[in-house]
Amino acid sequence: MLTDIEIAEKADMKDIRVIAEKIGCSEDDLILYGKNMAKFSDEFIDRIKDNPSGKLILVTAINPTPAGEGKTTVTIGLGDALRKLGKNSIVALREPSLGPCFGIKGGAAGGGYAQVVPMEKLNLHFTGDFHAITSANNLLCACLDNHLQQGNALRIDPKRIVFKRCLDMNDRALRNITIGQGKRTDGVVREDHFIITVASEVMAILCLADDLDDLKERLGRIIVAYNYDNEPIYASDLKCVGAMTVLLKDAIKPNVIQSLENNPAIVHGGPFANIAHGCNSVRATKTALKCADYVVTEAGFGADLGAEKFLDIKCRMAGLKPDMAVLVATVRALKYNGGVAKTDLNNENLDALKAGICNLGKHIENLKKFGLPVVVTLNKFVSDTDAEIEYIREYCKEMDVDVTVSEVWAKGGEGGIPLAEAVLKTLETKKSDYHPIYDENLPIMDKIKTIATEIYGAADVTYSAEAIRAIKKIEEMGYTNTPVCMAKTQYSLSDDPTKLGRPEGFTVEIREVYMSAGAGFVVAIAGSIMTMPGLPKRPAAEMIDINENGDTVGLF
């Protein structure tokens with residue numbers, strides 16, 4: 001059996017100019033990055049802005065498990081399947097982070113015969129967007145520390161600097177560091193911190209900005225520190241926002257590549273969903289909607305994280321109105337939620353399936369709370385039995401939700417035709433009544449409690465003393481009327497990764513709250529979630545190499 005990268009390397013890729021023609025984009029509308037990758041020009045985006053918008057289909061999933069779900073794979077396969085049915089479709093995805101590529105999760109180009117290519121370039125450097133975001137972020141940090149060194153005219157309190165450096169790599173040693181050591185000319189000694197690039201506010205800003213002007217304005221609103229009078233200091237006060245914007249002027253342009261079946265795919269932006277808002281860029285989604293009749297997009301991790309933020313943050317801010325949701329699950333993952341060890345998931349176990357299917361049920365309920373029609377699709381494994389699939393089908397029937405079996409990993413678009421047909425049927429027969437789950441004008445604690453109780457199923461929320469002080473300060477600064485971006489584990493509906501299935505009666509503990517004023521949301525951190533992940537005992541980097549032919553091996 002071929003690996004994902006072996007399948008990708010055998011792909012018959014077409015010139016990206018040929019791919020772009022399928023969505024009415026000429027060579028003059030593209031900024032080429034070789035033969036197989038390009039960015040859309042601003043002129044093209046402006047020219048199509050008055051086109052009618054297509055249908056927006058969100059692909060999300062149950063809580064991720066070691067058994068695997070395959071959300072990106074299903075997204076790509078569904079896009080290819082709609083094309084096989086003669087529909088003008090396009091997929092809109094996030095860009096992969098180098099952290100997981102060299103860590104434990106791997107890349108994010110799909111899998112099997114439902115991938116976007118060039119897989120290797122996408123998973124590694126791609127068009128340099130993440131490098132630009134990292135550079136812009138760290139330029140602001142450099143200007144901040146230079147300001148301290150050059151006399152500190154803004155009276156910044158070095159102990160109240162809240163903006164952090166970033167790096168697109170899992171490097172736990174950089175979580176807490178001391179900088180400025182050495183000679184007096186080497187800077188002011190202070191404690192500093194790194195986060196992973198995909199958790200940075202600059203990433204969130206790029207993904208939520210409408211255009212370059214909006215990007216620049218949002219960058220200026222970043223709160224970098226507080227002065228000795230406890231007043232906020234903004235990026236605009238440091239006078240480097242123009243330079244940051246210059247670094248990002250190409251990164252804000254959406255990228256276009258292709259699927260293995262030579263269909264266009266827009267891939268742009270990549271905030272994590274457990275520690276950021278988890279969606280591709282607003283510009284990418286809006287461009288896709290003007291290029292196609294059906295846009296298939298995804299949100300990160302489970303529906304409690306990615307979908308909630310897509311619906312409560314991105315769609316609210318961008319004025320998007322999704323038409324339906326596809327909820328991805330696997331028989332194996334549901335049995336894992338029912339208590340089966342990973343080593344035993346290949347065995348039929350209806351009792352475990354019955355115990356674990358409540359996780360699927362909760363996600364269905366949640367998506368319906370947002371007013372979205374839902375279709376469930378089971379990403380098929382060879383070990384799945386007819387009895388297990390039939391049990392899930394009957395369970396979902398009672399919830400008035402159609403179920404299809406997806407075989408896109410093995411068969412590409414052909415394996416996604418039943419799902420595509422179910423999606424088209426749902427779009428024809430069920431109307432979306434999309435609405436956010438909470439009113440953004442509610443007090444911050446009320447919004448947090450709504451998410452925790454309505455989406456996670458918590459009984460209550462508690463706050464650290466530090467979080468309470470932060471919320472009070474945020475409200476004093478006038479930032480009450482903003483969405484909330486919850487940061488928590490992706491492995492459970494709760495903030496405890498060991499609580500599988502559908503936990504009840506638990507309390508969500510908010511340990512930290514801060515304002516991302518440029519992005520336009522409040523971040524609430526629950527549990528022990530890390531904004532700079534670490535590498536596992538045996539990182540994926542140990543398996544990646546280059547062979548005697550110059551080909552990359554081991555990337556997945």
Side-chain angles (χ1 to χ4, degrees), residues 58-65 69 71 271-279 298-317 322 324-329 333 337 356-374 376 399 401 432-463 482-497 499-511 513 521-527 529:
L58 171 66
V59 178
T60 184
I62 62 172
N63 292 98
T65 70
E69 285 69 52
K71 174 165 48 64
F272 279 175
N274 57 343
I275 48 182
H277 75 278
C279 315
E298 66 166 346
F301 291 128
D304 56 320
L305 286 170
E308 185 273 317
K309 294 169 185 178
F310 177 87
L311 298 165
D312 274 331
I313 298 176
K314 177 178 176 176
C315 291
R316 187 199 306 261
M317 287 189 181
M324 66 167 294
V326 173
L327 183 58
V328 181
N337 268 283
I357 202 168
C358 56
N359 187 266
L360 174 66
K362 176 59 174 165
H363 288 299
I364 292 172
E365 289 176 17
N366 286 349
L367 291 168
K368 287 185 174 183
K369 288 180 180 180
F370 288 99
L372 295 186
V374 182
V376 170
M399 300 191 72
V401 169
S432 171
D433 181 31
Y434 158 72
H435 51 270
I437 199 71
Y438 57 81
D439 184 341
E440 65 182 354
N441 295 314
L442 289 171
I444 292 171
M445 285 189 177
D446 288 355
K447 286 179 282 196
I448 291 173
K449 187 169 184 177
T450 298
I451 296 170
T453 56
E454 291 292 325
I455 302 302
Y456 307 159
D460 202 1
V461 180
T462 60
Y463 298 84
T482 58
V484 171
C485 181
M486 295 284 280
K488 76 168 185 74
T489 179
Q490 64 268 34
Y491 298 114
S492 171
L493 283 159
S494 74
D495 57 353
D496 180 348
K499 293 180 178 178
L500 302 180
R502 183 175 182 166
E504 295 179 344
F506 61 92
T507 298
V508 171
E509 299 178 5
I510 304 297
R511 64 176 178 84
V513 177
F521 51 66
V522 174
V523 179
I525 298 180
I529 190 73

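What you see is a predicted model; the values in this text were computed from it and never measured. Atom set for the values below is all heavy atoms of this structure, side chains included, hydrogens, waters and symmetry mates excluded.
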Sorted by chain and number, sequence neighbours left out, side chain to side chain contact (heavy atoms under 4.5 Å, CB included) with R511 holds for I525, I529
Between E454 and K369, is the closest basic N to carboxylate O distance under 4.0 Å? yes
Should the pair R316 and Y438 be classed as cation-pi, given the thresholds of under 6.0 Å to the six-membered ring centre and 45° from the axis? yes
Looking at Y456, I'd like to know if the NZ or CZ of K488 sits under 6.0 Å from its six-membered ring centre while staying within 45 degrees of the ring's axis. yes
Taking only residues two or more places apart in sequence, or in another chain, which ones meet E504 in a salt bridge (charged side-chain N to carboxylate O under 4.0 Å, His left out)? none
Would you please name every residue forming a salt bridge (charged side-chain N to carboxylate O under 4.0 Å, His left out) with K499, sequence neighbours left out? none
Using the side chain to side chain contact (heavy atoms under 4.5 Å, CB included) rule, pick out the option among V523, I510, I275, V522 that qualifies with M486. I510
Run through T453, T462, I451, D495 and flag the one making a side chain to side chain contact (heavy atoms under 4.5 Å, CB included) with V508. D495
Is a donor on one side and an acceptor on the other found under 3.5 Å between the side chain of [X] and the backbone of [Y]?
X: K71; Y: E298; result: no
X: D433; Y: G371; result: no
X: K309; Y: K314; result: no
X: D496; Y: S492; result: no

Is there a donor in the side chain of D304 and an acceptor in the side chain of N366, or the other way round, less than 3.5 Å apart? no
Before you tell me yes or no, could you show the steps for N63 and N359 under side chain to side chain donor-acceptor pair (under 3.5 Å), namely the whole-Å CA-CA distance, both residues' side-chain angles and the distance that decides it to 0.1 Å? CA-CA 8 Å; N63 292 98; N359 187 266; 2.9 Å; yes
Side-chain touch V326/M324, heavy atoms, less than 4.5 angstrom: yes
Do other residues, nucleotides or ligands put more than 12 heavy atoms under 6.0 Å from the NZ atom of K449? no
Assess whether atom OH of Y491 is packed by more than 12 heavy atoms of other residues, nucleotides or ligands within 6.0 Å. no
